[in-house]
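To start, the structure itself, in structure tokens.
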Amino acid sequence: MPELPEVETVRCQLEPMVVGSTIISGRAHPSPKFAEASDATGYRIRCLERRGKYLLFALTNSVDDKGGYSERQLVVHLGMTGALYVNDSLPDDPYQRASWTLADGRHLWFRDVRRFGRIAVVPANDYRSLPTLHRLGPEPFDPALDAAVFHSSLTKSRRRIKTQLLSQRPIAGIGNIYADEALWRARIHPGTRRVGLERADRLLEHLREVLSESLQHGGTTLRDYRKPDGDTGRNQKRLDCYGRGGLPCRRCGSQLVVQIFDQRTTTRCVICQRR
DNA sequence: ACTGTAACCTGCAGGC
DNA sequence: TGCCTGCAGGTTACAG
């Protein structure tokens, strides 16, 4: 479900609700994917950040009376069906995978039907237990990411362009929806294995465009994605390519076709996106 | 080091 | 109505 615009929307809504709060207890589903949630107990949430599709709660904890403290991060990945909520009382929900009680009595909790999400508590900035985060590419809006850098990064692999976008290596935060949307806008065949500087530049521009437009509309809700306030996003109405297989291309009127690349369903225009 | 593939989960839509 | 199959926004371990 959640790609960068959805995760950023969650971060924006959640941050003012939890920053400054101290976690007084934590409970988690026994799966090793969630069990670490309780390790956040005793820490205060200093701020809520995001890298790619990962939410990073910066945690701080006074460890002695001489002003010593330890810094950790609570890392939450929403997977396909994850959502975070804050409530005065903890609801009885069969898909609740973790919950944290805050000092003022409220509860932060994680709902994840498919259990593809992940929760970890790590020493600050030590992501060795989360390989994708550990080797995560630059943020899409990082000014240091320009066409030359992007192109050079893409050149380091011979995998299909779409597979590279999904790998989180050349750029962070792209998933199946925005990969298809940006490739459609840039008129690039998703199965291409080599792109020149000019097409890399165009692709980067369109990636930034689809992400910022979606962000403006609160993200894309296909089925599960919810903001912490329970609302859906509104970007789903604006998709040009993803989910429109069999329908005419909005640019040229040709048919959009669906095919599988590296086991991910892909939609593209047979005319606009030729090899 | 790189590449491709299967696996992890649950619910739902569509076909018969 | 019920059963079966395939599919879903992602990451990771593993084999070659």
Side-chain angles (χ1 to χ4, degrees), chain A residues 1-10 28-36 50-55 75-84 93-98 110-120 122 127-137 153-183 190-194 207 210-211 214-215 217-227 232-239 241-246 258-267:
Chain A
M1 115 206 205
E3 307 180 30
L4 186 149
E6 292 74 37
V7 179
E8 180 61 16
T9 300
V10 169
H29 184 279
S31 159
K33 299 177 89 178
F34 309 117
E36 289 175 33
R50 179 194 56 72
R51 272 286 279 136
K53 303 174 193 173
Y54 293 82
L55 287 165
V75 181
V76 177
H77 192 293
L78 302 176
M80 299 269 246
T81 55
L84 284 164
D93 184 312
Y95 304 113
Q96 187 177 117
R97 307 304 184 193
F110 181 62
R111 180 177 198 269
D112 182 14
V113 173
R114 282 180 74 184
R115 292 201 257 149
F116 276 25
R118 174 72 201 267
I119 295 171
V122 301
Y127 305 132
R128 284 171 298 177
S129 62
L130 301 155
T132 301
L133 178 57
H134 187 54
R135 314 178 66 230
L136 193 64
S153 174
L154 291 173
T155 303
K156 292 190 171 75
S157 163
R158 303 303 327 275
R159 306 194 81 183
R160 302 177 190 282
I161 184 74
K162 174 167 175 183
T163 305
Q164 289 214 57
L165 294 178
L166 297 182
S167 78
Q168 312 299 306
R169 286 290 290 156
I171 187 168
I174 307 299
N176 212 21
I177 299 175
Y178 304 111
D180 277 8
E181 290 295 307
L183 288 164
T192 313
R193 291 183 189 270
R194 293 204 63 161
L207 282 164
V210 296
L211 293 175
S214 179
L215 199 43
H217 296 272
T220 302
T221 299
L222 273 73
R223 68 193 317 165
D224 302 291
Y225 166 65
R226 291 294 181 283
K227 302 189 257 175
T232 64
R234 302 179 312 280
N235 194 249
Q236 52 279 10
K237 295 180 290 224
R238 311 182 79 261
L239 300 178
C241 183
Y242 180 91
R244 297 193 68 245
V258 175
Q259 58 190 297
I260 309 289
F261 287 113
D262 296 326
Q263 24 181 33
R264 299 305 300 272
T265 297
T266 300
T267 307

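Given the structure is predicted, the values throughout are model-derived calculations rather than measurements. The basis for the numbers below is simple: all heavy atoms, side chains too, and nothing from hydrogens, waters or symmetry mates.
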A:Lys53 has a side chain; which of C:dT11, B:dT3, C:dG9 sits nearest to it?
C:dT11
Choosing from B:dC9, C:dG9, B:dT3, which nucleotide comes nearest the side chain of A:Arg114?
B:dC9
Between A:Arg244 and A:Glu181, does any NZ, NE, NH1 or NH2 come within less than 4.0 Å of an OD or OE carboxylate oxygen?
no
It should be established whether A:Gln168 places a side-chain nitrogen or oxygen under 4.0 Å from OP1 or OP2 of nucleotide C:dG10.
no
Are there any protein N/O atoms within less than 3.5 Å of an N/O atom in nucleotides 5-7 of chain B, and if so, which ones and at what distance?
| from | atom 1 | to | atom 2 | distance (Å) |
| --- | --- | --- | --- | --- |
| B:dA6 | N7 | A:Gln263 | OE1 | 3.3 |
| B:dA6 | N7 | A:Gln263 | NE2 | 3.0 |
| B:dA6 | N6 | A:Gln263 | NE2 | 3.4 |

Among the candidates B:dC12, B:dC9, B:dT3, find the nucleotide nearest to the side-chain atoms of A:Arg158.
B:dT3
Excluding sequence neighbours, so at least two apart, what forms ring pair (Phe, Tyr, Trp, His ring centres under 6.0 Å) with A:Tyr242?
none
Nearest-angstrom distance from the residue atom CG of A:Leu78 to C1' of C:dT11
13 Å
Any A:His77 side-chain nitrogen or oxygen under 4.0 Å from OP1 or OP2 of C:dT11
yes
Just to be sure I understand the rule, does A:Tyr178 reach a base, reach only the sugar-phosphate, or reach nothing, if contact means heavy atoms closer than 4.0 Å?
nothing
Measure from CD1 on A:Ile260 to C1' on C:dC7 and round the result to the nearest Å.
9 Å
Kindly indicate whether the side chain of A:His77, heavy atoms from C-beta on, has any atom under 4.5 Å from the side chain of A:Pro2.
no
Residues which pass ring pair (Phe, Tyr, Trp, His ring centres under 6.0 Å) with A:Phe261, listed by chain and number, not counting sequence neighbours
A:His189
Report the stems of DNA chain C as range-with-range entries sorted by first number; a stem here is at least three consecutive pairs, Watson-Crick or G-U wobble, both distances under 3.5 Å, and write none if there are none.
B:2-8 with C:10-16, B:10-16 with C:2-8
For the side chain of A:Thr265, starting at C-beta, report the closest nucleotide among C:dT11, C:dC7, B:dC9.
C:dC7
Sub-4.5 Å side-chain heavy-atom contact between A:Leu165 and A:Tyr178:
no
Aromatic plane relationship, A:Phe110 with A:Phe34 - under 30° parallel, 30 to 60° tilted, over 60° perpendicular:
tilted
Has A:Arg264 got a side-chain N or O lying under 4.0 Å from the OP1 or OP2 atom of C:dG10?
yes
Hey, does A:Arg160 reach any base, or is it just sugar-phosphate, or nothing, if we go heavy atoms under 4.0 Å?
nothing
Can you tell me the distance, in whole Å, between the CZ atom of A:Arg115 and the P atom of C:dT12?
17 Å
Send over the distance from A:Lys156 NZ to B:dC2 P, rounded to a whole Å.
10 Å
Integer-rounded Å distance: C:dT11 C1' and A:Leu130 CG:
10 Å
Between A:Arg115 and A:Lys33, the two heavy atoms sitting closest are O-NZ, 2.9 Å
Go through the structure and list residues passing side-chain hydrogen bond (donor to acceptor under 3.5 Å, both in side chains) with A:Thr163, not counting sequence neighbours.
A:Asp262
So which nucleotide from C:dT12, C:dG10, B:dC9 ends up closest to the side chain of A:Tyr54?
C:dT12
Measuring only between side-chain heavy atoms, which start at C-beta, is A:Leu4 closer than 4.5 Å to A:Ile174?
no
Could you list the residues that satisfy side-chain hydrogen bond (donor to acceptor under 3.5 Å, both in side chains) with A:Lys156, not counting sequence neighbours?
A:Ser152
From C:dA13, B:dC2, C:dG9, pick the nucleotide closest to the side chain of A:Arg135?
B:dC2
As a test of reading the structure: which of B:dT10, C:dA13, B:dC8 is closest to the side chain of A:Phe116, going by heavy atoms?
B:dC8
